Amino acid sequence: MAPSDIAFLKTFTHYFLHFVFPVFIALVFYPKTWKKVYLILLATMLVDLDHLFANPIFDPSRESIGFHFLHSYYAIAVYFLMLFFKGNIRVIGIGLLFHMFTDFQDFNFWPH
């Protein structure tokens, strides 16, 4: 496979997991309130604001997990603990953990 094809698949997968897959999470686990849950899952992408404190803001050779403070292992532990709450806190925890998984796979499952 050509490097440009791999780059396209990597980018497509990343944005699919950030924007499309959360619809399925919302529909499967929260069918009655899926629209609200989907919006909360999208809102958890604000966690990427911590990238603004990095120099450079985006570096394709840098893994987000463990580098940015809202992507730190301590933060991920807090996101995991959020799963033990009910309501919107749990949904936020799900969104943040799924976001971390998406960033993890983007760096670790693809050549760069």
Side-chain angles (χ1 to χ4, degrees):
M1 190 175 278
S4 61
D5 293 337
I6 292 173
F8 172 77
L9 283 174
K10 177 183 176 181
T11 302
F12 177 83
T13 301
H14 184 84
Y15 288 106
F16 175 84
L17 290 175
H18 271 321
F19 293 105
V20 179
F21 195 79
V23 171
F24 298 111
I25 293 172
L27 285 169
V28 169
F29 295 104
Y30 299 92
K32 292 181 181 177
T33 58
W34 74 270
K35 291 177 187 174
K36 174 185 167 189
V37 169
Y38 176 64
L39 290 175
I40 292 170
L41 293 174
L42 286 182
T44 62
M45 284 204 275
L46 290 171
V47 73
D48 275 342
L49 288 173
D50 65 354
H51 290 248
L52 296 175
F53 296 97
N55 187 16
I57 291 173
F58 175 72
D59 181 357
S61 64
R62 178 178 65 213
E63 183 174 11
S64 295
I65 307 299
F67 182 82
H68 304 290
F69 61 91
L70 293 177
H71 291 67
S72 70
Y73 296 107
Y74 297 112
I76 292 170
V78 172
Y79 306 154
F80 179 77
L81 291 175
M82 294 170 80
L83 298 177
F84 296 97
F85 289 82
K86 292 184 179 183
N88 292 341
I89 301 293
R90 180 179 291 165
V91 175
I92 293 168
I94 291 167
L96 290 168
L97 287 173
F98 193 73
H99 183 99
M100 296 303 127
F101 167 75
T102 299
D103 286 358
F104 176 84
Q105 70 79 33
D106 192 52
F107 185 80
N108 292 290
F109 295 176
W110 298 91
H112 47 94

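None of these values were measured; they are calculated from a predicted model.
- Here the shortest heavy-atom pairing between Glu63 and Asn108 reads OE2-ND2, 2.8 Å.
- In this structure, CG on Leu46 lies 10.5 Å from CD1 on Ile92, to the nearest 0.5 angstrom.
- Taken together through direct or relayed side-chain contacts under 4.5 Å among Ile, Leu, Val, Met, Phe, Trp and Tyr, Phe58 and Tyr15 form parts of separate hydrophobic clusters.
- Leu9 is listed as a side-chain neighbour of Trp110, based on a closest heavy-atom distance under 4.5 Å.
- Heavy atoms only, all atoms of each residue included: Pro111 and Ile6 are closest at CG-CG2, 3.8 Å.
- Judged purely by atom type and a 3.5 angstrom limit, Ser72 uses its side chain to pair as donor or acceptor with the backbone of Ala75.
- If you look at Tyr30 and Tyr38, their ring centroids are not closer than 6.0 Å.
- When the side chains of ILVMFWY residues are joined at heavy-atom separations under 4.5 Å, either directly or via intervening members, Val37 and Val20 end up in a single hydrophobic cluster.
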- prompt: When you look at Phe29 and Ile25, which way does the side chain to side chain contact (heavy atoms under 4.5 Å, CB included) test go after all the steps?
  reply: CA-CA 6 Å; Phe29 295 104; Ile25 293 172; 4.1 Å; yes
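- Taking 4.5 Å as the limit, some side-chain heavy atom of Tyr79 sits within range of a side-chain heavy atom of Val47.
- Contact of the Leu39 side chain with the Lys35 side chain is not registered, since no non-hydrogen atoms from C-beta on lie closer than 4.5 Å.
- Aromatic pair Phe104/Phe109: ring centres closer than 6.0 Å.
- Summarising the geometry of Thr44 relative to Leu96, their closest heavy-atom pair is O-CD2, 3.6 Å, with the distance given to 0.1 Å.
- Two residues are said to be in side-chain contact when any heavy atoms from C-beta on lie closer than 4.5 Å; His18 and Asp103 meet this criterion.
- In the hydrophobic cluster analysis, where Ile, Leu, Val, Met, Phe, Trp and Tyr join through side-chain heavy atoms closer than 4.5 angstrom, Phe85 is grouped together with Val91.
- Atoms CZ and CE, on Phe98 and Met45 in that order, are 10.5 Å from each other to the nearest 0.5 Å.
- When hydrophobic clusters are built by joining Ile, Leu, Val, Met, Phe, Trp and Tyr residues whose side-chain heavy atoms come closer than 4.5 Å, directly or via intermediates, Phe67 is not grouped with Ile65.
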- request: Would you sort out whether Tyr74 and Phe69 count as a ring-ring contact (aromatic ring centres under 6.0 Å, His included), showing the intermediate values?
  value: CA-CA 9 Å; Tyr74 297 112; Phe69 61 91; over 10 Å; no
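- Atom CG of Leu70 and atom CD1 of Ile76 lie 10.5 Å apart (nearest 0.5 Å).
- Taking NE2 of His68 as the reference point, atom CD1 of Ile57 lies at 10.0 Å (rounded to 0.5 Å).
- Here the closest non-hydrogen pair linking Tyr73 and Gly66 is CE1-CA, 3.9 Å.
- Annotation: the span from Phe21 atom CZ to Leu41 atom CG amounts to 11.0 Å, rounded to 0.5 Å.
- Of all heavy-atom pairs between Leu83 and Gly93, the closest is CD2-C, 4.1 Å.
- A heavy-atom distance below 4.5 Å is found between the side chains of Leu42 and Phe19.
- With sequence neighbours excluded, the residues that form a side-chain hydrogen bond (donor to acceptor under 3.5 Å, both in side chains) with Asp48 are His51, His71, His99.
- Phe101 is connected to Val28 through a chain of hydrophobic side-chain contacts under 4.5 Å among Ile, Leu, Val, Met, Phe, Trp and Tyr, so both are in one cluster.
- Residues Arg62 and Ala54 approach most closely at NH2-CB, 3.7 Å, considering heavy atoms.
- Taking the six-membered ring where tryptophan is involved, the planes of Phe80 and Phe84 are perpendicular, since the angle between them exceeds 60° and thus also 30°.
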